[in-house]
Amino acid sequence: MPELPEVETVKNYLSEKILNKKVINTKVLNAKLRWPINSKGIRGIKGQTIQKVTRRGKYILLQFNDSILTIVIHLGMTGIVSFKEVGKYKKQKHDHLLLYFDKFLLIYNDVRKFGSIHITKKLSNMFLLKNLGPEPTSASFNIEYLINISSKRKCSVKELIMNQKIVVGIGNIYATEALFLSKIHPGTFANEVTKSQYKKLIKNIQLVLSRAISMGGSTIKDFVNAEGKPGYFSQELLVYQKKYCPIHKKNLISNIKISGRSSFFCNKCQTL
DNA sequence: CGAAAAACCTGGCAGC
DNA sequence: TGCTGCCAGGTTTTTC
């Protein structure tokens with residue numbers, strides 16, 4: 001489900017709600033996720049206060065006052081974080097984890113179980129985080145970096161920018177939109193994209209992500225933020241799951257599979 | 001080795 | 001009403 005703008009939206013609300021709050025109790029209702037939840041480890045945060053709520057790529061990080069402890073959350077495709085007043089909570093299908101605070105509890109629900117929750121003592125060594133590429137808005141995600149790394153790859157440019165080891169946060173929606181804005185065919189070999197195209201692509205990735213964040217992300221089907229509200233950037237999408245090109249009005253949007261993922265593009269705007 | 005396909009899951013929808 | 005097949009904001013693991 002969620003890419004960087006959706007995760008950022010969830011993280012921001014989470015921060016508003018639980019920063020500096022103490023975890024009174026924890027409950028693992030269903031440990032089965034992408035990896036099993038370490039129930040014993042989670043119990044260890046009882047009595048601890050949340051000192052920091054941050055994001056790295058598509059991961060949400062909750063850091064505790066025992067500063068070595070961090071909960072690492074990935075929402076997978078269908079992970080949803082929500083809150084309920086204590087006493088009004090009723091277990092729902094696919095609820096996995098509860099964190100009780102003073103007057104409310106946090107609920108992690110995940111229909112497809114592709115998400116994950118880890119508790120770690122050494123964040124810098126955490127296996128899911130240590131090989132991640134730069135944030136797309138950081139200075140290290142620049143033209144020299146992208147030219148250098150793409151020259152060694154023969155995958156498509158779409159696969160390149162969706163590879164979290166190369167740059168984090170970009171998934172199927174925003175890769176599709178950024179490539180359209182940059183007039184680059186998604187199937188172009190990464191090492192055949194020109195320098196000026198890559199310059200545009202960097203700019204458009206940053207543009208589309210920041211605009212999406214400002215609108216609370218995109219809801220195609222399931223996504224809701226931690227307040228239960230959808231993201232409004234869906235209305236701004238230009239090609240993802242669209243029928244016609246917004247520029248060549250009568251031209252049908254093409255949909256091809258690139259490494260198993262639907263890839264939408266306009267064959268007049270984006271030529272190979 | 002790298003690239004492609006399968007795997008992990010559930011639910012909704014189209015078509016017969 | 002079923003049943004079948006396909007689809008979905010992701011990522012790891014297996015296979016070729």
Legend entry - Stretch residues 108-126 of chain A: residues that reach within less than 4.0 Å of DNA chain B through a heavy atom: Val111(A), Arg112(A), Lys113(A), Phe114(A)
Take the protein atom [atom1] of [X] and the nucleotide atom [atom2] of [N], then report the distance between them rounded to whole Å.
X	N	atom1	atom2	value
Leu33(A)	dT11(C)	CG	P	15 Å
Ile60(A)	dG10(C)	CD1	P	15 Å
Arg261(A)	dA8(C)	CZ	P	8 Å
Ile161(A)	dT11(C)	CD1	P	14 Å
Glu3(A)	dG10(C)	CD	C1'	9 Å
Asn131(A)	dT13(C)	CG	P	12 Å
Ile80(A)	dA8(C)	CD1	P	19 Å

Inset, instruction - Please name all residues satisfying ring-ring contact (aromatic ring centres under 6.0 Å, His included) with Tyr59(A), sequence neighbours left out, ordered by chain then number. - result: His74(A)
Inset, instruction - Kindly write out the residues that satisfy ring-ring contact (aromatic ring centres under 6.0 Å, His included) with Phe265(A), not counting sequence neighbours, or none if the list is empty. - result: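 ring-ring contact (aromatic ring centres under 6.0 Å, His included) check on Phe265(A) returns His185(A).
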Return yes if a side-chain donor-acceptor contact under 3.5 Å exists between [X] and [Y], otherwise no.
X	Y	value
Tyr89(A)	Asp95(A)	yes
Tyr198(A)	Glu144(A)	no
Ser151(A)	Asn191(A)	no

Inset, instruction - Under 4.0 Å between any heavy atoms, over every strand shown, what does Lys152(A) touch: base, sugar-phosphate, or nothing? Just pick one. - result: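 If one applies the 4.0 Å heavy-atom cut-off, Lys152(A) turns out to touch nothing in the nucleic acid.
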Inset, instruction - Mind checking Lys257(A) for me? I need base, sugar-phosphate or nothing, with any heavy atom below 4.0 Å counting as a touch. - result: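 Sugar-phosphate: the residue Lys257(A), judged by heavy atoms under 4.0 Å, touches backbone atoms but no base.
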Legend entry - Geometric class of the Phe127(A)/His118(A) ring pair [parallel <30°, tilted 30-60°, perpendicular >60°]: perpendicular
Look at the side-chain N and O atoms of [X] and state whether any lies under 4.0 Å from the OP1 or OP2 oxygen of [N].
X	N	value
Lys58(A)	dT11(C)	yes
Gln164(A)	dT11(C)	yes
Ser262(A)	dC7(C)	no

Rounded distance in Å between the [atom1] positions of [N] and [M]:
N	M	atom1	result
dA5(B)	dC7(C)	P	14 Å
dT11(C)	dG11(B)	P	22 Å
dA6(B)	dG5(C)	P	15 Å

Inset, instruction - Check each of Glu3(A), Glu135(A), Glu6(A) against Arg55(A) using the salt bridge (charged side-chain N to carboxylate O under 4.0 Å, His left out) test, and report the only one that passes. - result: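 Among Glu3(A), Glu135(A), Glu6(A), the one that satisfies the salt bridge (charged side-chain N to carboxylate O under 4.0 Å, His left out) with Arg55(A) is Glu135(A).
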Legend entry - Whichever of Thr219(A) and Leu128(A) has its nearest DNA chain C nucleotide further upstream toward 5':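 Result of the comparison: Thr219(A).
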Inset, instruction - Taking atom NZ of Lys22(A) as the centre, report whether more than 12 heavy atoms of other residues, nucleotides or ligands fall under 6.0 Å from it. - result: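 Incorrect, the count does not exceed 12.
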Legend entry - Neighbour count >12 (heavy atoms, 6.0 Å) for atom NZ, Lys91(A): yes
Legend entry - Consecutive Watson-Crick or G-U pairs in runs of at least 3, all under 3.5 Å, in which DNA chain B is involved: B:2-8 with C:10-16, B:10-16 with C:2-8
Inset, instruction - State whether Phe104(A) and Lys17(A) meet the cation-pi test: NZ (Lys) or CZ (Arg) under 6.0 Å from the six-membered ring centroid, and within 45° of the perpendicular axis. - result: yes
Inset, instruction - Mark yes or no: Lys27(A) above the aromatic ring of Tyr100(A), with NZ or CZ under 6.0 Å from the six-membered ring centre and no more than 45 degrees from the axis. - result: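 Verdict for Tyr100(A): no cation-pi partner in Lys27(A).
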Legend entry - First of Lys221(A) and Cys155(A) reached from the 5' end of DNA chain B, by closest nucleotide: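 In this pair, the answer is Cys155(A).
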Legend entry - Terminal contacting nucleotides, 5' and 3', DNA chain B versus chain A (heavy atom, 4.0 Å): dA3(B) to dG11(B)
Legend entry - Ion pair Arg261(A)/Glu159(A), N-O distance below 4.0 Å: no
Legend entry - Interatomic distance, Thr70(A) atom OG1 to Lys122(A) atom NZ [nearest 0.5 angstrom]: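 Going from the OG1 atom of Thr70(A) to the NZ atom of Lys122(A) covers 13.0 Å.
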Legend entry - Gap between atom OG of Ser214(A) and atom OH of Tyr232(A) - 0.5 Å precision: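 Output value for this atom pair is 13.5 Å.
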Legend entry - Qualifying residue for side chain to side chain donor-acceptor pair (under 3.5 Å) with Lys158(A), from Asn163(A), Asn172(A), Thr188(A), Thr176(A):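 Answer after filtering Asn163(A), Asn172(A), Thr188(A), Thr176(A): Asn172(A).
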Inset, instruction - Pull out every residue in residues 227-234 of chain A that has a heavy atom closer than 4.0 Å to any atom of DNA chain C, ordered by number, or say none. - result: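 Hits under 4.0 Å, by residue number: none.
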